[in-house]
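Reading through the structure tokens given below for one structure.
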Amino acid sequence: MKITLKDGSVKEYNEAKSIIDIAKDISEGLARVACAGEVNGEMADLRTVIANDCELNIITATDPKALYVIRHTASHVLAEAVKRLFPNAKVTIGPAIDDGFYYDFDSEPFSREDLDKIEAEMKKIIKEGHEITRFTLPRAEAIAFMEEKGESFKVELIQDLPEDAEISFYDQGGFVDLCAGPHLMSTKGVKAFKLTSSSMAYWRGDSSKARLQRIYGTAYNKKEELAEHLERMEDAKRRDHNRLGREMELFTTVDVIGQGLPLFTPKGTKMIMKLQRWIEDLEDNEWGYMRTRTPLMAKSDLYKISGHWDHYKEGMFVFGDEEKDKEVYALRPMTCPFQYYVYKNSQKSYRDLPCRYSETSTLFRNEDSGEMHGLTRVRQFTISEGHLIVRPDQMVEEFKGCLALAKYCLETLGVNSDVTYHLSKWDPENKEKYIGEPDVWNQTEQHIRDILTELGIPFVEDVGEAAFYGPKVDINAKNVYGKEDTMITIQWDALLAEQFDMYYIDQNGDKVRPYIIHRTSMGCYERTLAWLIEKYAGKFPTWLCAEQVRVLPISDKYEEYAQKVCRELKKAGIDATVDSRSEKIGFKIREARLDKLPYMLVVGQQEEADNTVSVRSRFAGDEGVKPIDSFIADITEEIRNKTIREEMQAEENK
RNA sequence: GCUUCCAUAGCGCAGUUGGUAGCGCAACUGAUUCGUAAUCAGUAGGUCGAGGGUUCGAGUCCCUUUGGAAGCUCCA
């Protein structure tokens with residue numbers, strides 16, 4: 001057989017050979033650093049025996065793909081350590097994940113001290129340097145083997161595999177675990193790891209099943225890489241909006257007001273208002289939207305028509321008791337039906353469509369108490385909501401427009417490169433969660449697929465993520481810890497117009513059902529602000545800053561001039577203040593820097609005499625002396641264009 | 001909702017085996033009037049998240065409860 005290696009060279013063998021033996025044949029050194037193989041592009045265990053011609057890439061420890069194998073092996077070492085220290089714990093599953101690995105155990109909860117002990121035991125196991133070997137058993141024998149060991153979760157896993165499957169196990173010095181692999185050749189290969197946390201997880205992610213204890217860890221090829229990773233996590237903590245946003249006094253929460261109900265301070269409010277005014281003007285003046293203003297609550301009847309009462313009642317704040325009260329009201333969890341009735345207010349001609357309605361809409365959702373997080377998961381939020389009532393023939397064009405608007409908003413905020421686009425589809429296996437016919441679902445999904453492809457937007461498809469009335473495009477972003485949240489959603493709805501008996505009159509004088517697009521341009525303001533805090537670590541583009549300029553008089557003598565400068569800035573629509581405390585200039589600059597202000601204007605004798613300001617910015621440090629008018633012209637331009645200036649390096653946290 | 005961890009002055013923290021409540025920064029007052037990241041001195045501030053229990057005595061031990069963090073599930 002012929003083995004084609006990565007560099008194009010070809011090795012020929014007369015008999016089948018394992019990847020590790022091929023590596024040894026190439027060089028002993030290569031065999032020592034080999035972690036896995038890639039056979040015709042597929043990850044494979046080093047022990048995999050190759051019998052046919054193929055392309056083989058031997059993955060060494062420095063290859064990023066090797067991390068997956070190192071971490072997977074680390075999770076087995078973790079399992080062995082736990083079994084040694086807690087013999088009653090049962091093992092379940094332990095995969096490698098994006099930035100580490102975890103292993104779920106059926107056990108008593110682990111404390112941090114437990115984790116430290118487990119970590120020490122793992123180091124011991126690694127030092128012992130057990131060779132890792134692989135063997136397989138027929139299904140029935142595999143079940144018996146795991147039953148004998150009392151590993152009931154493993155038994156369940158094997159039972160789900162096909163009857164004729166050969167079940168693979170890995171043995172590291174006597175500790176045997178059911179596993180598909182791949183793994184390193186020895187526990188010695190795990191050189192740098194750390195257990196980071198423990199938490200609860202459900203068996204197979206199902207809250208009705210057993211509660212397991214999950215231990216998270218991370219592993220790298222080198223100690224330095226691990227240290228870098230831990231440093232990145234520290235940096236993430238510093239950027240965390242829930243911490244930084246409170247520290248910068250953008251928002252706060254109060255126990256007696258309630259969970260998931262943040263209060264915005266004047267500073268945070270100013271930022272949100274800047275976003276809101278931008279979006280409203282943009283939609284109304286440039287994208288043809290009409291603004292609506294509709295009630296924050298309605299009778300339950302409304303939600304019964306929309307289907308939300310059946311599909312979403314648990315998530316709503318409802319007043320009154322359906323049994324006792326004549327009328328039950330609920331705070332709105334969405335804006336859809338309200339805007340439909342705006343549409344229905346008058347009879348529409350095909351010439352009136354599309355009707356693009358938009359509203360800065362406050363919504364209420366009764367999240368479970370454990371779901372709340374900072375500004376990203378709250379019980380009351382305000383969204384740049386909108387519904388487009390369109391003719392079926394306009395649907396594709398309008399859907400494209402919504403995507404283009406969302407993309408424009410993301411680009412303006414400088415975050416478009418940080419998002420992923422998802423086509424969220426229904427789940428044909430779970431029909432009762434959705435309304436409408438399978439054909440309609442498949443067709444609309446194909447339309448959206450075509451639109452995304454045509455716009456050249458890369459996307460992934462997610463089954464079972466659709467709204468109950470239609471498929472959608474979700475635009476997701478990761479937070480500092482790598483967890484994804486939906487920022488923007490654009491939904492295709494060919495069904496709800498029927499429920500609300502919405503129609504327009506076509507050219508022939510007939511009533512026709514319109515289609516509806518549910519969409520947001522910039523998502524909800526709370527979540528967007530959270531995202532911006534983390535993206536910019538609090539150092540926002542000038543146009544978004546609540547305080548854009550601070551005038552710093554050298555001493556009390558120049559306060560009057562400072563006030564005059566400040567008045568002129570404010571007259572030009574710039575958010576400016578004066579720091580008139582009797583402090584040294586160095587101290588004032590320090591504080592302005594810690595407040596992450598974009599511009600500081602130092603004024604003293606010289607500036608007052610010349611009617612100038614001495615400009616110091618977050619972006620370039622000392623920018624020199626400028627006439628007041630020219631500074632105002634420059635910053636006005638920067639604000640108008642929503643320029644994102646590059647930050648100055650270093651000088652942090654002195 | 002579930003599991004673990006956490007809660008001490010505005011913020012960040014210390015507080016030994018149970019024995020008088022502490023530090024840094026911020027705040028306030030006074031002095032200082034200063035040229036690009038911290039001027040000096042002084043003052044005030046706490047039912048130790050809340051409720052109950054054990055004890056001669058609880059910030060510390062036990063129970064209940066509220067809030068926060070991470071994770072699971074769910075979602076914008």
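Below, read A as the first sequence line, B as the second, and so on, with proteins coming before strands; counting in each chain starts at 1.
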Checklist entry - Are OP1 or OP2 of B/rC34 and a side-chain N or O of A/Lys557 less than 4.0 angstrom apart? => result yes
Next on the checklist: Between B/rG67 and B/rA50, how far apart are the two C1' atoms, rounded to whole Å?
Outcome noted: 10 Å
Next on the checklist: What is the separation between atom OH on A/Tyr216 and atom P on B/rC5, rounded to the nearest whole Å?
Outcome noted: 17 Å
Next on the checklist: I need the residues from residues 461-473 of chain A with at least one non-hydrogen atom less than 4.0 Å from RNA chain B; give them sorted by number, or say none.
Outcome noted: A/Lys472
Checklist entry - For the pair made of CG in A/Leu552 and C1' in B/rU36, what is the distance, rounded to whole Å? => result 9 Å
Checklist entry - When the distance from CD1 of A/Ile475 to P of B/rC75 is rounded to whole Å, what number comes out? => result 19 Å
Next on the checklist: Looking at every heavy atom in both A/Phe619 and A/Glu646, which two are closest together, and how far apart are they?
Outcome noted: CB-O, 3.4 Å
Checklist entry - Which part of the nucleic acid, if any, lies within contact of A/Glu583, taking any heavy atom under 4.0 Å across all strands shown: a base, the sugar-phosphate backbone alone, or nothing? => result base
Next on the checklist: Between A/Glu398 and A/Arg356 (salt bridge meaning N to carboxylate O under 4.0 Å), is one present in this structure?
Outcome noted: yes
Checklist entry - How does RNA chain B look in dot-bracket form if you count Watson-Crick and G-U pairs under 3.5 Å, write [ ] for pairs that cross, and put | where a base pairs with another strand? => result (((((((..((((.....[..)))).(((((.......))))).....(((((..]....))))))))))))....
Checklist entry - Does A/Arg616 place a side-chain N or O at less than 4.0 Å from the phosphate oxygens OP1/OP2 of B/rA37? => result yes
Next on the checklist: Once hydrogens and angles are ignored, does a donor-acceptor distance under 3.5 Å link the base of B/rC74 to the side chain of A/Arg377?
Outcome noted: yes
Checklist entry - Within the structure shown, what part of the strands sits under 4.0 Å from A/Thr520 by heavy-atom distance: base, sugar-phosphate, or nothing? => result nothing
Item to check | A/Trp309: ring pair (Phe, Tyr, Trp, His ring centres under 6.0 Å) partners, not counting sequence neighbours | outcome: none
Item to check | Residues that A/His387 engages under ring pair (Phe, Tyr, Trp, His ring centres under 6.0 Å), provided they are two or more places apart | outcome: A/Tyr340, A/His518
Next on the checklist: Any side-chain to backbone donor/acceptor pair from A/Lys626 onto A/Asp634? Under 3.5 Å, distance only.
Outcome noted: no
Checklist entry - Checking all strands, does A/Ile585 fall into the base, sugar-phosphate, or nothing category for heavy-atom contacts under 4.0 angstrom? => result sugar-phosphate
Checklist entry - In whole Å, what separates the P atom of B/rA7 from that of B/rC11? => result 14 Å
Item to check | Atom-to-atom span, NE2 of A/His308 to C1' of B/rA76 - whole angstrom | outcome: 12 Å
Checklist entry - Between A/Thr362 and A/Gln380, does a side-chain hydrogen bond (donor to acceptor under 3.5 Å, both in side chains) hold up when you go through it step by step? => result CA-CA 7 Å; A/Thr362 298; A/Gln380 175 187 320; 5.1 Å; no
Item to check | B/rG59 and B/rC25, which share atom name C1', separated by this distance in whole Å | outcome: 23 Å
Checklist entry - Closest nucleotide of RNA chain B for A/Thr376 versus for A/Gln606: which of these residues is on the 5' side? => result A/Gln606
Checklist entry - So, do A/Phe381 and B/rA76 meet the stacking rule of ring centres under 5.5 Å and planes under 30°? => result yes
Checklist entry - With rounding to whole Å, what would you report as the distance between B/rC63 and B/rC5 at their P atoms? => result 12 Å
Next on the checklist: The side chain of A/Asp240 is closest to which nucleotide in this list: B/rU36, B/rA76, B/rA70?
Outcome noted: B/rA70
Next on the checklist: Taking only the C1' atom of each, what is the distance from B/rA37 to B/rU29 in whole angstrom?
Outcome noted: 26 Å
Next on the checklist: Can you tell me if A/Arg645 has over 12 outside heavy atoms packed within less than 6.0 Å of its CZ?
Outcome noted: yes
Next on the checklist: Ring-plane angle category for A/Tyr599 and A/Phe631, please: parallel below 30°, perpendicular beyond 60°, tilted otherwise.
Outcome noted: perpendicular
Checklist entry - With a 4.0 Å cut-off on heavy atoms, is A/Arg246 in touch with a base, just the backbone sugar-phosphate, or nothing at all? => result nothing
Item to check | Steps toward side-chain hydrogen bond (donor to acceptor under 3.5 Å, both in side chains) verdict (A/Ser358, A/Glu283) | outcome: CA-CA 8 Å; A/Ser358 185; A/Glu283 288 178 345; 2.5 Å; yes
Item to check | For A/Asp579 against A/Pro553, the heavy-atom pair lying closest together | outcome: O-CD, 3.2 Å
Item to check | side-chain contact (heavy atoms from CB on, under 4.5 Å) partner of A/Leu552, the single match among A/Arg616, A/Glu591, A/Met600 | outcome: A/Met600
Item to check | Strand contacts (RNA chain B) in residues 415-424 of chain A, 4.0 angstrom heavy-atom criterion | outcome: none
Checklist entry - Backbone N or O of A/Leu375 within a donor-acceptor pair of the A/His241 side chain at under 3.5 Å? => result yes
Next on the checklist: Work out how far the P atom of B/rU17 is from that of B/rC61, and round it to whole angstrom.
Outcome noted: 10 Å
Next on the checklist: Mind checking if A/Ser582 touches a base, just sugar-phosphate, or nothing, with heavy atoms under 4.0 Å?
Outcome noted: base
Checklist entry - When rounded to the nearest Å, what value does the distance between C1' atoms of B/rG12 and B/rG19 take? => result 28 Å
Checklist entry - Could you state the CZ-P distance from A/Phe587 to B/rG35, rounded to the nearest angstrom? => result 16 Å
Item to check | Whole angstrom value for the distance that separates C1' of B/rG71 from CZ of A/Phe101 | outcome: 16 Å
Next on the checklist: Does B/rC75 have its OP1 or OP2 closer than 4.0 Å to a side-chain nitrogen or oxygen of A/His373?
Outcome noted: no
Checklist entry - Any donor-acceptor pair under 3.5 Å joining the side chain of A/Glu591 to the base of B/rA26? => result no
Next on the checklist: So A/Asp474, base contact, sugar-phosphate only, or nothing? Heavy-atom distance under 4.0 Å.
Outcome noted: nothing
Checklist entry - In whole Å, what separates the C1' atom of B/rA26 from that of B/rA44? => result 13 Å
Checklist entry - Checking all strands, does A/Gln605 fall into the base, sugar-phosphate, or nothing category for heavy-atom contacts under 4.0 angstrom? => result base
Next on the checklist: Whether A/Asn242 contacts B/rG68 is assessed here as follows: a side-chain N or O lying under 4.0 Å from the phosphate OP1 or OP2. Is that the case?
Outcome noted: no
Checklist outcome for this item: Only one of A/Thr520, A/Asp474, A/Asn476 passes side-chain hydrogen bond (donor to acceptor under 3.5 Å, both in side chains) with A/Thr486, and that residue is A/Asn476
Checklist entry - Contact class for A/Gly586 (heavy atom, under 4.0 Å): base, sugar-phosphate, or nothing? => result sugar-phosphate
Checklist entry - Which whole-number value in Å describes the distance from A/His518 NE2 to B/rC75 P? => result 16 Å
Checklist entry - Does A/Glu607 get its side chain close enough to the base of B/rG35, under 3.5 Å, for a donor-acceptor pair? => result yes
Checklist entry - In terms of the nearest nucleotide of RNA chain B, which residue is placed more toward the 5' end: A/Ser555 or A/Ser614? => result A/Ser555
Next on the checklist: For A/Leu263 and A/Phe251: C-alpha separation, side-chain torsions, deciding distance, then whether side chain to side chain contact (heavy atoms under 4.5 Å, CB included) applies.
Outcome noted: CA-CA 5 Å; A/Leu263 283 72; A/Phe251 74 97; over 6 Å; no
Item to check | Partner set under ring pair (Phe, Tyr, Trp, His ring centres under 6.0 Å) for A/Phe193, not counting sequence neighbours | outcome: none
Checklist outcome for this item: When rounded to whole Å, the CZ to C1' distance for the pair A/Arg581 and B/rG30 reads 17 Å
